[in-house]
Structures are given as C-alpha cells and as structure tokens.
Amino acid sequence: MVGFHNGFNTGGFMKKLATLLMISTLLLLTACNAVEGPKNENVKKELSLQQVIEQVGQDSFSKKGLNDQTHIAEQDGYLYVITPLEGYAKSLRLVISVLKDNEFVVKEKETNLRIKNASLKYQFSNDTLLIRTTKYRTVPLDTTYSIAINKKGEVSKQIIQKDVPRNEVKTTFIQGLNGSYFVTVEDEHYQILNASGEVIYDFDSSDTYLANEEDYELVFLDEEKGNIYLRQQAQKKDSKEKYYVFDLHTEEMVVENTFTQKHISENIHYAGGKKGFYMVDNQKLSFYSTAKESVQLVDETELDASIENGEDLYLTVDDQYVNIYRIDGSSIQKYSYTRVDE
C-alpha cells in the first residue's frame, strides 16, 4: 500500500503547541500576581505586648539561684540566669542556670571562681562577668578578670590586667548597648576594653566630666556610633537633668536635648537595636533612633499592669522580640514586645 504524505511535521507542531501553552501559563500567573495588589511593607510597627510567660523554665528557683543580685541575659538563643553569692565564702561563687526554648539546659549549677571577695567590684556583660579586685599594698593594686560562661554553665577565667597601680591607672566599668566594658584612665588617656581585653576605643581628653562622678553619670556607651551618653545631675531641686553625648571620634561633647527624661529612675536599662536603642524604666518601654544627628523618640508604650512601679527589670533583644524579665518571688516572668527597629 502506498503511503500518503502531506508534508505536515507533527513533531514540530507539538513543540510549538507546548511552547504556546507555557507562555500562556506564565502570562496567567503574572496576571494573577498583579491583581493581588501591592504589599503594604510600609506599615509602621508599634511597641506592643505579644506574649507573657508566667514562669520561665516552667519551674521555680531556690533562694540561692534567684535573688536581688541575679543577672538575666540572652545570648545566641540561650537565656542566662546568674546569681553571685558574695557572702557565703571568702571566694566569689556563682549559681548558674541556662535555658533554651523555655527549658532548663543547666539549673542552679554552683561554681567557685576562686577570686577573693574582699575589695571586689564586678559588672555583668551578657553571658560574661567583668571583675576588678584590689590588693592594698603601699599603693592599691588592681587586677581585672573576664569570666565567660558557656551554654553548659561552664566558666573560663581570663586575666585582663594584673597588679596595676591605681594611682597610675584607674579602672571602672561602663554599660554598653550590647554588653559592658572596662574603662581605664591613665593621666588624660582613656581606653575602652571589651571582655576579651581588646581596646575598642582609645582617646585623649583633658575634660573631667568622664571621671567626675559627683556631677556627671556615665549612662551608656553606643558601641556602633561611638558615643558615650552622660547625665548631669540636677543643680536645683526643681531643675531637670541634662544629657550630653561625647563623640569618641571627634572627642567633642554636645548637649542632647531630645533625650531628656522627665522622670529619672535608678532602674533604667538599655539594649541595642538597629540604629537606635531600647530603654525600659518602671513605667515605659521606649525605642530611640540614633540614625540622625540627634536622638529621636520613635515609639513608647506603658508597661503591663502586672509590673509594679519600683521593680528592677531586665531588658534583652532577640531576633524577634524585645523582652522584659522580672523576678516574682521564686519565679521569673517574661514579657515579649514587638521590635520596631527592623
């Protein structure tokens, strides 16, 4: 039988048809996406309470593990609850608890630092303890330590400076937005050192305000911008405190009018955000932007009614929330607020 051939290429036709169908599908998907409307990415976030955990770790603490000396901090997804025991022995001891996802990894592990309690000053820096001890000889000799605590509750001790004559070098602490730091002063030369002993700022200043504790109080260090915030004590009973900013790059100090607080409390805490910082006192949680030349209040909110005025609070920032912790007897409560700095 003789075959009949009309010249029509069936394989080519099918390829063209598949291509047309693919183009039609893409156009349809594009049209569907178009009718969704623009996403509103400019909605202003507001500081608002998102969740409350009534009992962190779902268990209570002992009197040794939780008291008015306790330090609470978050680091790399872990919560650290560290309590110094100053009066129990000649050497400083710590009671350490570490939590992850609201469950205990380590609970109330007691550790002897083997550092004498006498003439000892310390300040916490997240999961690290900064310590200054003094030996009294002909002149006082200061030794500074950094005590790092890992997620297993284990400690490692590093000597930063040893037996430094205080009449030559004075060592103090300063709170930063992302931790605490050593400050050394030798004549008119200042150095700010992190917990590893590395110098992060080095400058000279003939002004006395940084060391004049009677008139000025070091409020905090903004590590990112290189600013030290200071508060001048009110000169009269009805006058307001004044805030100053010392620029570590230009070594100049200016009055900061926009950061003046009407109600000054000893229980103020700060934590760093993106281009700004969070502040909590006994009444409000606030976020201030430092993106411009002066500090700008972005948002603030009243604290939850269960937080009583006068309580000492702990402020942390994680990937999602701004967290406020408070000690309630043998338990810790956690209040998580929306971040507004992202």
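Just so it is clear, the structure is predicted and the values come from calculations on it, not from any experiment.
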*NZ of Lys162 to OG1 of Thr143: how many Å apart, nearest 0.5 Å?*
7.0 Å
*Sequence-distant partners of Tyr337, ring pair (Phe, Tyr, Trp, His ring centres under 6.0 Å), two or more places apart*: none
*asked:* Can you confirm whether Val98 sits close enough to Ile96 that some side-chain heavy atom of one is under 4.5 Å from a side-chain heavy atom of the other?
replied: yes
_Just verifying a value: how many Å separate Leu130 CG and Tyr145 OH, rounded to the nearest 0.5 Å?_
13.5 Å
*Would you find a donor on one side and an acceptor on the other, under 3.5 Å apart, between the side chain of Asp187 and the backbone of His189?*
no
*Check whether any side-chain N or O of Asn67 sits under 3.5 Å from a backbone N or O of Gln69 as a donor-acceptor pair, and report yes or no.*
yes
_Close side-chain approach of Arg166 to Leu141, heavy-atom, < 4.5 Å_ = no
*Does some side-chain heavy atom of Leu303 sit less than 4.5 Å from a side-chain heavy atom of Leu313?*
yes
_With a 4.5 Å cut-off on side-chain heavy atoms, are Gln55 and Ser60 touching?_
yes
*Taking the six-membered ring for Trp and the single ring otherwise, decide whether the centroids of Phe220 and Phe277 are under 6.0 Å apart.*
yes
*Decide, yes or no, whether a salt bridge links Lys45 with Asp299 under the criterion of side-chain N to carboxylate O below 4.0 Å.*
no
_Glu108 side chain near Ser62 side chain, heavy-atom distance below 4.5 Å_ = yes
*When Thr184 is tested against each of Thr144, Leu193, Thr172, Val199 for side chain to side chain contact (heavy atoms under 4.5 Å, CB included), which residue passes?*
Leu193
*Quick one: closest heavy-atom pair of Thr133 and Lys116, and the distance?*
CG2-O, 4.4 Å
_Same apolar cluster (I L V M F W Y, side chains within < 4.5 Å links), Phe173/Leu230_ = no
*Common cluster, Val322/Leu49, ILVMFWY with side-chain heavy-atom separation under 4.5 Å*: yes
*Other than Ile72, what residues sit in its cluster of Ile, Leu, Val, Met, Phe, Trp and Tyr side chains whose heavy atoms are under 4.5 Å apart, directly or through others?*
Ile53, Val56, Phe61, Leu66, Leu79, Val81, Leu99, Phe104, Tyr314, Tyr325, Ile327, Ile332
_Donor-acceptor pair, distance only, cut-off 3.5 Å: does the side chain of Ser180 make one with the backbone of Phe124?_
yes
*With sequence neighbours excluded, what pairs up with Tyr181 under the ring pair (Phe, Tyr, Trp, His ring centres under 6.0 Å) test?*
none
*Does the pair Lys135/Asp163 count as a salt bridge with the N-to-O cut at 4.0 Å?*
yes
_Shared hydrophobic cluster, Tyr335 / Tyr321 (ILVMFWY, side-chain heavy atoms < 4.5 Å)_ = no
*asked:* To the closest 0.5 Å, what do you measure between CG (Asp222) and CD1 (Ile228)?
replied: 10.5 Å
